[in-house]
Amino acid sequence: MIFLAPAFLVAAGIVAAGVVALHFLSTREPDTDLLPTVRFVPRVPVQATTITMRFTDPWLLALRVLLILLLGAALARPLIHPFAQPVSRITVVDVSRAVGSPGELVDSALGYVEGAAAVVFFDDEAREIEDGAVDSLESLRDDARWDRASAGSLSTALIGASRIASRLRDGTDSLQLVVVSPFAQEERDAATEEIRALWPGRIDAVRVAAAARQPDEAPTATRVEWADSGATGLWAAREPPDTIGGVRANDAVMVYPFVRRWQLAPGVAAEPADGNETRVYARWMDGEPAAFERATADGCMRSVAIPMPTEGDAILRPDFQRFLDGLEGPCGEPRDMSPLPEQFMAAFAGDETLAPASRVARQVMRVTPAVPWILGFALVVALAELWLRRRLASGARTNRAVERPGRSRAA
């Protein structure tokens, strides 16, 4: 058993020691007697108390100490791991459009998926396969699903693997990370190297065939229609207009105080579902669509609700020029299936040993499985302590009431 917040155990021990000390300092009312010389003094409650150094109420003390220790154990969040695996393997499988041969991917990944502690499929998002990982891998042989595959992201894959490692670290000594992927150029972004540096060990990179490079696109006619032209039914006037600070189209980001006068028309979906022919081409910085594109028989059509800057030097800036150049390109996200260079692959794999579990950040868990049971037991002990305390107090009052009449008669 381990404790995620052991400081609470120390605090509980200190409080319990204080409670034990207080039980040795017991207070009691002094014995009273009625004397004839003071019979004219009014009857008032006795206010004087004395302190004695003797141990009292052992059962009440035991319940109080047990209650404090249980609360400290619950706040310390215990985790029970009876057996620790020497090595736990996390297998990450690329299911993006960069994969050239699904059969080769499955055959290469099968040996790493069997017996793995966790399996992750990734494209533009990472998804952990919790049940039937081998069956899910075999289903990738179906060529039909690859027609809908999206772009992959190695950064997303590494983030997903790191989160799983945080969950597995307390039940293993070392962690092995295996990435099965074509490692195409389009799957790398500006954050990939920084995220890779966070993994405290080597990565076993298994490279499979990438999809064929896209042929050079023949010049096609690109038609741009603006929301205020009235030629499209995708947009409706925004009442009242608002101002937003930026827009992104593919890799081109333009920062400018745009006045948004258009929004999606009622009944138009933000993600049109018509056979992947239409997609959001640009988005405002709050995520709302700013432009759509649709592949047509003779080229590409883009419907744009972005007003062009009319003041300042915005139209002279490089980001504005990249945005205009993108409007003239073919439909679809740009693809680059060229393999990542060997220098990157060597740095990605690393030459270290497996990642020690102790160097992986622990997953923060507010409530562990043992906490509800400990709190329930603490509640039972608290009720028992309350019952015993009231019974002892009632017994003390009864004893005083019995003693006083007898002393009065003796006087």
Side-chain angles (χ1 to χ4, degrees), residues 89-113 116 118-129 137 140-141 143 145-165 175-217 248-253 322 326 329-330 332-355:
R89 182 168 65 247
I90 302 173
T91 303
V92 180
V93 182
D94 192 338
V95 293
S96 71
R97 67 188 184 187
V99 176
S101 173
E104 180 187 354
L105 175 75
V106 173
D107 294 337
S108 299
L110 189 59
Y112 297 102
V113 169
V119 178
V120 178
F121 288 177
F122 80 94
D123 39 30
D124 57 352
E125 63 178 3
R127 302 174 296 277
E128 182 179 3
I129 309 301
L137 183 65
L140 298 179
R141 297 184 188 273
D143 293 334
R145 71 166 305 280
W146 295 96
D147 296 336
R148 304 183 300 275
S150 57
S153 171
L154 289 173
S155 296
T156 300
L158 293 175
I159 292 174
S162 297
R163 290 177 177 174
I164 294 174
L175 291 161
Q176 178 188 15
L177 178 57
V178 180
V179 180
V180 185
S181 170
F183 295 99
Q185 190 71 44
E186 73 167 12
E187 298 182 293
R188 173 189 179 185
D189 56 48
T192 302
E193 284 86 347
E194 295 183 8
I195 298 174
R196 165 60 184 91
L198 300 177
W199 183 259
R202 77 165 188 262
I203 296 178
D204 296 328
V206 181
R207 199 164 203 168
V208 298
R213 292 190 183 185
Q214 295 294 312
D216 295 336
E217 297 286 348
R248 175 174 179 173
N250 290 332
D251 293 332
V253 178
R322 287 195 298 270
E333 296 178 272
R335 300 190 179 192
D336 186 357
M337 299 302 176
S338 57
L340 288 167
E342 291 301 325
Q343 182 179 2
F344 170 85
M345 293 301 302
F348 183 85
D351 55 359
E352 305 174 7
T353 59
L354 297 180

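Quick caveat: nothing in here was measured; it's all calculated off a predicted structure.
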Could you please spell out the steps behind the side chain to side chain contact (heavy atoms under 4.5 Å, CB included) verdict for Phe122 and Ile159?
-> CA-CA 11 Å; Phe122 80 94; Ile159 292 174; over 6 Å; no

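- Nearest heavy atoms, Gln185 versus Pro341: OE1-CD, 3.9 Å.
- Nearest heavy atom pair, residue Met345 against residue Ala205, reads CE-CB, 3.9 Å.
- The shortest heavy-atom contact between Val106 and Leu137 is CG2-O, 3.3 Å.
- A salt bridge between Glu187 and Arg207 is absent, with no side-chain N of the basic residue lying under 4.0 Å from a carboxylate O of the acidic one.
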Could you please spell out the steps behind the side chain to side chain contact (heavy atoms under 4.5 Å, CB included) verdict for Leu175 and Leu177?
-> CA-CA 7 Å; Leu175 291 161; Leu177 178 57; over 6 Å; no

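- For the pair Ala347 and Arg196, the tightest heavy-atom approach, listed with the atom from each and the gap, is O-NE, 4.0 Å.
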Does the side chain to side chain contact (heavy atoms under 4.5 Å, CB included) test come out yes or no for Asp336 and Arg188, once each step is laid out?
-> CA-CA 10 Å; Asp336 186 357; Arg188 173 189 179 185; over 6 Å; no

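- Annotation: salt bridge (charged side-chain N to carboxylate O under 4.0 Å, His left out) contacts of Arg202 (sequence neighbours excluded): Asp204.
- When each of Ile90, Ile164, Val92, Val119 is checked for a side chain to side chain contact (heavy atoms under 4.5 Å, CB included) with Glu128, only Ile164 meets the rule.
- Note: Thr91 OG1 to Gln176 CD = 7.5 Å, rounded to the nearest 0.5 Å.
- Here Phe183 and Phe344 keep their ring centres 6.0 angstrom or further from each other.
- By the side chain to side chain donor-acceptor pair (under 3.5 Å) test, Ser153 pairs with Thr156, sequence neighbours left out.
- Heavy atoms from other residues, nucleotides or ligands lying under 6.0 Å from OH of Tyr112 number 12 at most.
- Separating the OG atom in Ser101 from the CZ atom in Arg141 is a distance of 9.0 Å, to the nearest 0.5 Å.
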Between Leu158 and Ile203, does a side chain to side chain contact (heavy atoms under 4.5 Å, CB included) hold up when you go through it step by step?
-> CA-CA 10 Å; Leu158 293 175; Ile203 296 178; 4.0 Å; yes

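- Nearest approach of Val99 to Trp146, heavy atoms of both residues: CB-CZ3, 3.7 Å.
- The nearest pair of heavy atoms linking Ser96 to Ala151 is CB-C, 3.8 Å.
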Can you check salt bridge (Lys or Arg N to Asp or Glu O under 4.0 Å) on Arg97 and Glu186, steps first, answer last?
-> CA-CA 10 Å; Arg97 67 188 184 187; Glu186 73 167 12; 3.0 Å; yes

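- Applying the salt bridge (charged side-chain N to carboxylate O under 4.0 Å, His left out) rule to Arg127 yields the partners Asp123, Glu125; only residues at least two apart in sequence or on another chain are considered.
- Within the 4.5 Å cutoff, no side-chain heavy atoms of Leu340 are placed close to those of Phe348.
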